[in-house]
Amino acid sequence: MIKRANTGVAPDGSKRPTPPPYSSKFESSDKVREALQNTGPGTSGFNPSSTQNSFVQKITASLPFGYGYPSGGGSKVTMYSVQAIYSKVNGVWMLKSMYPNP
């Protein structure tokens with residue numbers, strides 16, 4: 001995570017043009033499940049317009065979802081929010097990415 005935050009190199013070896021603001025991870029599989037249950041189609045915050053093909057939903061909780069390291073160095077940051085990015089594929093909303101966010 002620290003390497004990705006500082007270099008932009010992902011675990012699969014792909015590289016972003018610039019490092020992300022944070023490199024983060026979920027605290028546990030239970031936290032991933034909680035985030036999935038509270039984002040996406042059928043949840044109260046999922047309200048894209050009928051013309052949208054992508055939608056970003058952010059949720060915040062009182063207990064942390066995970067932690068991360070800021071780009072360029074720094075101390076571990078506890079993350080209480082999750083950002084989920086959905087794309088519409090053949091009329092069906094599919095999760096593209098989801099990660100803890102500060």
Side-chain angles (χ1 to χ4, degrees):
M1 284 180 18
I2 294 170
K3 179 180 177 182
R4 182 176 189 177
N6 291 325
T7 66
V9 177
D12 67 1
S14 63
K15 183 167 174 44
R16 293 174 57 138
T18 58
Y22 289 88
S23 182
S24 62
K25 70 179 262 177
F26 284 94
E27 187 176 285
S28 67
S29 58
D30 288 337
K31 290 296 183 177
V32 174
R33 188 174 10 267
E34 179 184 341
L36 284 170
Q37 290 171 343
N38 290 290
T39 64
T43 62
S44 62
F46 195 84
N47 56 358
S49 72
S50 61
T51 59
Q52 284 181 266
N53 288 320
S54 64
F55 185 74
V56 176
Q57 186 175 8
K58 188 172 182 178
I59 60 169
T60 303
S62 58
L63 296 174
F65 281 103
Y67 63 92
Y69 291 91
S71 179
S75 300
K76 182 166 88 170
V77 176
T78 302
M79 303 203 170
Y80 292 87
S81 296
V82 166
Q83 184 162 314
I85 303 166
Y86 286 85
S87 294
K88 194 184 286 185
V89 178
N90 296 323
V92 178
W93 287 103
M94 305 291 288
L95 180 65
K96 184 176 178 182
S97 184
M98 183 174 69
Y99 46 88
N101 215 12

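Counting begins at 1 with the first residue of the sequence. Owing to the predicted nature of the structure, the values given are computational and were not obtained by experimental measurement.
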Between [X] and [Y], what is the shortest heavy-atom contact and its length?
| X | Y | value |
| --- | --- | --- |
| Pro20 | Ser71 | O-CB, 3.0 Å |
| Pro100 | Ser24 | O-OG, 2.8 Å |
| Pro48 | Phe55 | CB-CD1, 3.6 Å |
| Phe46 | Gly40 | CB-O, 3.0 Å |
| Tyr69 | Ser75 | CD2-C, 4.1 Å |
| Ser81 | Lys58 | CB-CE, 3.6 Å |

- Query: Side chains of Lys25 and Tyr67: does their closest heavy-atom pair fall under 4.5 Å?
  - Reply: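 Yes, their side chains come closer than 4.5 Å.
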- Task: Side-chain contact test, heavy atoms from C-beta onward, threshold under 4.5 Å: evaluate it for Ile59 versus Thr43 and give yes or no.
- Result: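 With C-beta onward as the side chain, the pair stays apart.
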- Message: Assess, by modelled atom type and distance only, whether the side chains of Gln83 and Tyr99 contain a donor and an acceptor separated by less than 3.5 Å.
- Response: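 There is such a pair (donor and acceptor under 3.5 Å, judged by atom type) between the side chains of Gln83 and Tyr99.
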- Query: For Ser87 and Ser54, does a side-chain donor sit closer than 3.5 Å to a side-chain acceptor?
  - Reply: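 There is no such pair (donor and acceptor under 3.5 Å, judged by atom type) between the side chains of Ser87 and Ser54.
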- Query: What's the verdict on side-chain contact (heavy atoms from CB on, under 4.5 Å) for Lys31 and Phe65, showing C-alpha distance, side-chain angles and the deciding distance?
  - Reply: CA-CA 6 Å; Lys31 290 296 183 177; Phe65 281 103; 4.3 Å; yes
- Query: Is it the case that one hydrophobic cluster holds both Ile85 and Val32, taking links as side-chain heavy atoms less than 4.5 Å apart, direct or via other members?
  - Reply: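 No, separate clusters.
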- Message: Do Met94 and Val56 land in one hydrophobic cluster if side-chain heavy atoms of ILVMFWY residues count as linked below 4.5 Å?
- Response: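 No, separate clusters.
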- Query: What do you reckon, is NZ of Lys15 surrounded by more than 12 foreign heavy atoms closer than 6.0 Å?
  - Reply: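 More than 12 heavy atoms, drawn from other residues, nucleotides or ligands, come within 6.0 Å of this atom.
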- So how far is it from Leu63 CG to Glu34 CD, rounded to the nearest 0.5 Å?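 It comes to 7.5 Å.
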- Query: What distance separates Tyr86 OH from Gln52 CD, expressed to the nearest 0.5 Å?
  - Reply: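 So the gap between those two atoms works out to 14.5 Å.
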- Message: Donor-acceptor pair, distance only, cut-off 3.5 Å: does the side chain of Gln57 make one with the backbone of Ala84?
- Response: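 Judged by distance alone, no pair lies under 3.5 Å.
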